[in-house]
**Student:** 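Would you mind keeping the following structure in view while I ask a few things?
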Amino acid sequence: MPVLPIVKYGDPVLRQPTQPVTKIDEPLQKLIDDMVATMYAAPGVGLAANQVGVSKRLAVLDLSVGKKPGGLHILINPEKVEAEGAVTEEEGCLSIPDFVEAVTRPERVKVRYTDRNGEKREISGEGLMARALCHEIDHLNGNLYIDHLRGFKKERILKKIGKLAQSGMW
Ligand code: NI
(Lines give C-alpha, C1' and ligand atoms only; values in the text may rest on other atoms or scores of the structure.)
Protein backbone atom coordinates (compact mmCIF):
# COMPACT_ATOMS: atom_id res chain seq x y z
CA MET A 1 0.00 0.00 0.00
CA PRO A 2 2.08 2.90 -1.23
CA VAL A 3 1.91 6.26 0.48
CA LEU A 4 0.72 8.82 -2.07
CA PRO A 5 1.95 12.42 -2.37
CA ILE A 6 -0.52 14.90 -0.83
CA VAL A 7 -1.20 17.97 -2.95
CA LYS A 8 -0.99 21.36 -1.30
CA TYR A 9 -3.08 24.50 -1.33
CA GLY A 10 -2.65 26.15 -4.71
CA ASP A 11 -3.11 22.94 -6.71
CA PRO A 12 -6.25 23.43 -8.85
CA VAL A 13 -7.46 19.86 -8.16
CA LEU A 14 -8.38 20.98 -4.64
CA ARG A 15 -10.76 23.57 -6.11
CA GLN A 16 -12.62 21.30 -8.52
CA PRO A 17 -15.80 19.70 -7.17
CA THR A 18 -15.14 15.94 -7.29
CA GLN A 19 -17.01 13.47 -9.49
CA PRO A 20 -19.40 10.99 -7.85
CA VAL A 21 -18.09 7.42 -7.66
CA THR A 22 -20.15 5.23 -10.01
CA LYS A 23 -18.29 1.93 -9.73
CA ILE A 24 -16.74 0.26 -6.71
CA ASP A 25 -14.14 -1.78 -8.54
CA GLU A 26 -10.62 -3.08 -7.97
CA PRO A 27 -8.84 0.22 -8.83
CA LEU A 28 -11.12 2.05 -6.39
CA GLN A 29 -10.36 -0.49 -3.63
CA LYS A 30 -6.65 0.03 -4.28
CA LEU A 31 -7.08 3.81 -4.15
CA ILE A 32 -8.93 3.44 -0.81
CA ASP A 33 -6.10 1.30 0.64
CA ASP A 34 -3.48 3.78 -0.56
CA MET A 35 -5.43 6.72 0.85
CA VAL A 36 -5.71 5.01 4.25
CA ALA A 37 -1.95 4.30 4.24
CA THR A 38 -1.29 7.92 3.23
CA MET A 39 -3.56 9.30 5.98
CA TYR A 40 -1.91 7.14 8.66
CA ALA A 41 1.60 7.99 7.45
CA ALA A 42 0.94 11.74 7.44
CA PRO A 43 -0.41 11.33 10.18
CA GLY A 44 -3.89 12.76 9.80
CA VAL A 45 -7.48 12.02 10.82
CA GLY A 46 -8.98 12.44 7.35
CA LEU A 47 -8.08 12.55 3.69
CA ALA A 48 -10.13 13.33 0.59
CA ALA A 49 -9.34 11.76 -2.80
CA ASN A 50 -8.64 15.13 -4.42
CA GLN A 51 -5.88 15.65 -1.85
CA VAL A 52 -4.01 12.85 -3.61
CA GLY A 53 -4.91 14.31 -7.00
CA VAL A 54 -7.91 12.09 -7.76
CA SER A 55 -11.12 14.05 -8.37
CA LYS A 56 -13.55 11.45 -7.00
CA ARG A 57 -16.16 11.85 -4.28
CA LEU A 58 -14.35 9.65 -1.77
CA ALA A 59 -12.80 10.33 1.63
CA VAL A 60 -11.26 8.29 4.43
CA LEU A 61 -11.52 9.26 8.07
CA ASP A 62 -10.18 7.86 11.34
CA LEU A 63 -10.11 10.06 14.43
CA SER A 64 -7.95 7.45 16.20
CA VAL A 65 -5.37 7.46 13.35
CA GLY A 66 -5.47 3.65 13.24
CA LYS A 67 -5.36 3.09 17.00
CA LYS A 68 -8.97 1.97 17.55
CA PRO A 69 -10.55 -0.97 15.74
CA GLY A 70 -13.64 0.29 13.97
CA GLY A 71 -12.30 3.83 13.91
CA LEU A 72 -11.80 3.84 10.16
CA HIS A 73 -14.60 5.11 7.91
CA ILE A 74 -14.52 4.89 4.13
CA LEU A 75 -16.94 7.47 2.78
CA ILE A 76 -18.02 7.04 -0.83
CA ASN A 77 -20.28 9.80 -2.21
CA PRO A 78 -20.92 11.30 1.25
CA GLU A 79 -23.68 13.89 1.62
CA LYS A 80 -24.52 15.92 4.70
CA VAL A 81 -28.24 15.44 5.40
CA GLU A 82 -28.54 17.12 8.80
CA ALA A 83 -26.52 19.72 10.70
CA GLU A 84 -27.22 21.55 13.94
CA GLY A 85 -25.49 23.78 16.44
CA ALA A 86 -22.23 25.63 16.03
CA VAL A 87 -18.85 25.22 17.69
CA THR A 88 -15.57 27.02 17.06
CA GLU A 89 -12.31 25.05 17.39
CA GLU A 90 -8.88 25.02 15.81
CA GLU A 91 -8.62 23.06 12.61
CA GLY A 92 -5.83 22.08 10.25
CA CYS A 93 -5.47 20.34 6.90
CA LEU A 94 -2.81 18.07 5.39
CA SER A 95 -2.94 20.23 2.22
CA ILE A 96 -2.18 23.36 4.28
CA PRO A 97 0.61 21.97 6.47
CA ASP A 98 1.80 23.70 9.64
CA PHE A 99 -1.19 26.03 9.95
CA VAL A 100 -4.20 25.88 12.24
CA GLU A 101 -7.05 28.36 12.50
CA ALA A 102 -10.28 28.51 14.50
CA VAL A 103 -13.24 27.53 12.33
CA THR A 104 -16.94 27.41 13.23
CA ARG A 105 -18.63 24.13 12.30
CA PRO A 106 -21.92 22.42 13.17
CA GLU A 107 -21.91 20.65 16.53
CA ARG A 108 -23.75 17.62 15.16
CA VAL A 109 -24.15 16.30 11.63
CA LYS A 110 -25.65 13.30 9.91
CA VAL A 111 -24.00 12.06 6.72
CA ARG A 112 -25.24 9.48 4.22
CA TYR A 113 -22.64 7.58 2.23
CA THR A 114 -21.80 4.26 0.62
CA ASP A 115 -19.16 2.03 2.20
CA ARG A 116 -16.49 0.11 0.29
CA ASN A 117 -18.76 -2.94 0.09
CA GLY A 118 -21.40 -0.89 -1.69
CA GLU A 119 -23.71 -0.72 1.36
CA LYS A 120 -25.66 2.51 1.92
CA ARG A 121 -24.91 3.83 5.40
CA GLU A 122 -25.46 6.75 7.69
CA ILE A 123 -23.13 8.20 10.27
CA SER A 124 -23.95 10.71 12.98
CA GLY A 125 -21.12 12.65 14.51
CA GLU A 126 -20.67 15.35 17.07
CA GLY A 127 -17.73 17.48 18.12
CA LEU A 128 -14.52 16.44 16.41
CA MET A 129 -16.33 13.81 14.33
CA ALA A 130 -18.81 16.39 13.01
CA ARG A 131 -15.90 18.73 12.27
CA ALA A 132 -13.96 16.04 10.40
CA LEU A 133 -17.01 15.00 8.35
CA CYS A 134 -17.67 18.64 7.37
CA HIS A 135 -13.99 19.22 6.56
CA GLU A 136 -13.83 16.20 4.22
CA ILE A 137 -17.15 17.00 2.52
CA ASP A 138 -15.86 20.55 2.02
CA HIS A 139 -12.81 19.09 0.23
CA LEU A 140 -15.03 16.98 -2.03
CA ASN A 141 -16.97 20.10 -2.97
CA GLY A 142 -13.76 21.95 -3.84
CA ASN A 143 -13.69 23.96 -0.61
CA LEU A 144 -11.04 24.38 2.08
CA TYR A 145 -11.28 25.30 5.75
CA ILE A 146 -9.61 28.63 5.11
CA ASP A 147 -12.64 29.60 3.00
CA HIS A 148 -14.50 29.91 6.32
CA LEU A 149 -12.06 32.53 7.59
CA ARG A 150 -12.81 36.20 7.19
CA GLY A 151 -10.95 39.51 7.16
CA PHE A 152 -7.58 39.75 8.85
CA LYS A 153 -7.30 36.05 9.70
CA LYS A 154 -7.81 35.06 6.09
CA GLU A 155 -5.40 37.71 4.75
CA ARG A 156 -2.77 36.65 7.28
CA ILE A 157 -2.76 32.96 6.35
CA LEU A 158 -2.85 33.64 2.59
CA LYS A 159 0.04 36.08 2.94
CA LYS A 160 2.13 33.56 4.90
CA ILE A 161 1.46 30.81 2.34
CA GLY A 162 2.28 33.26 -0.47
CA LYS A 163 5.65 34.02 1.14
CA LEU A 164 6.44 30.31 1.54
CA ALA A 165 5.49 29.74 -2.11
CA GLN A 166 7.70 32.62 -3.26
CA SER A 167 10.70 31.19 -1.43
CA GLY A 168 10.02 27.72 -2.87
CA MET A 169 9.10 26.26 0.52
CA TRP A 170 5.50 25.35 -0.32
NI1 NI B 1 -8.08 18.87 4.78
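Order of listing sets the numbers, starting from 1, for every ligand and every atom in it.
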**Student:** Give a yes or no answer on whether the side chain of Asn50 reaches the backbone of His139 with a donor-acceptor pair at less than 3.5 Å.
**Tutor:**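 Pair found, side chain donor or acceptor close to backbone of His139.
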
**Student:** Test your reading of the model: is there a side-chain donor-acceptor pair from Trp170 to the backbone of Tyr9, 3.5 Å cut-off?
**Tutor:** yes

**Student:** Would you mind listing every salt bridge (Lys or Arg N to Asp or Glu O under 4.0 Å) that reaches into residues 128-146, with sequence neighbours excluded?
**Tutor:**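 Listed by first then second residue: Glu91-Arg131, Arg105-Asp138.
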
**Student:** Going by side chain to side chain donor-acceptor pair (under 3.5 Å), name the pairs with one or both residues in residues 13-24, residues two or more places apart or in two chains.
**Tutor:** Arg15-Asp147

**Student:** Under 2.8 Å from the Ni ion (ligand 1), which protein N/O/S atoms are there?
**Tutor:** Cys93 SG, His135 NE2, His139 NE2

**Student:** Are the side chain of Ser95 and the backbone of Val7 linked by a donor-acceptor contact shorter than 3.5 Å?
**Tutor:**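 Checked: pair present.
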
**Student:** Output every pair passing salt bridge (Lys or Arg N to Asp or Glu O under 4.0 Å) with a member in residues 41-69, not counting sequence neighbours, ordered by first then second residue.
**Tutor:**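 Sorted pair list: Arg57-Glu79.
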
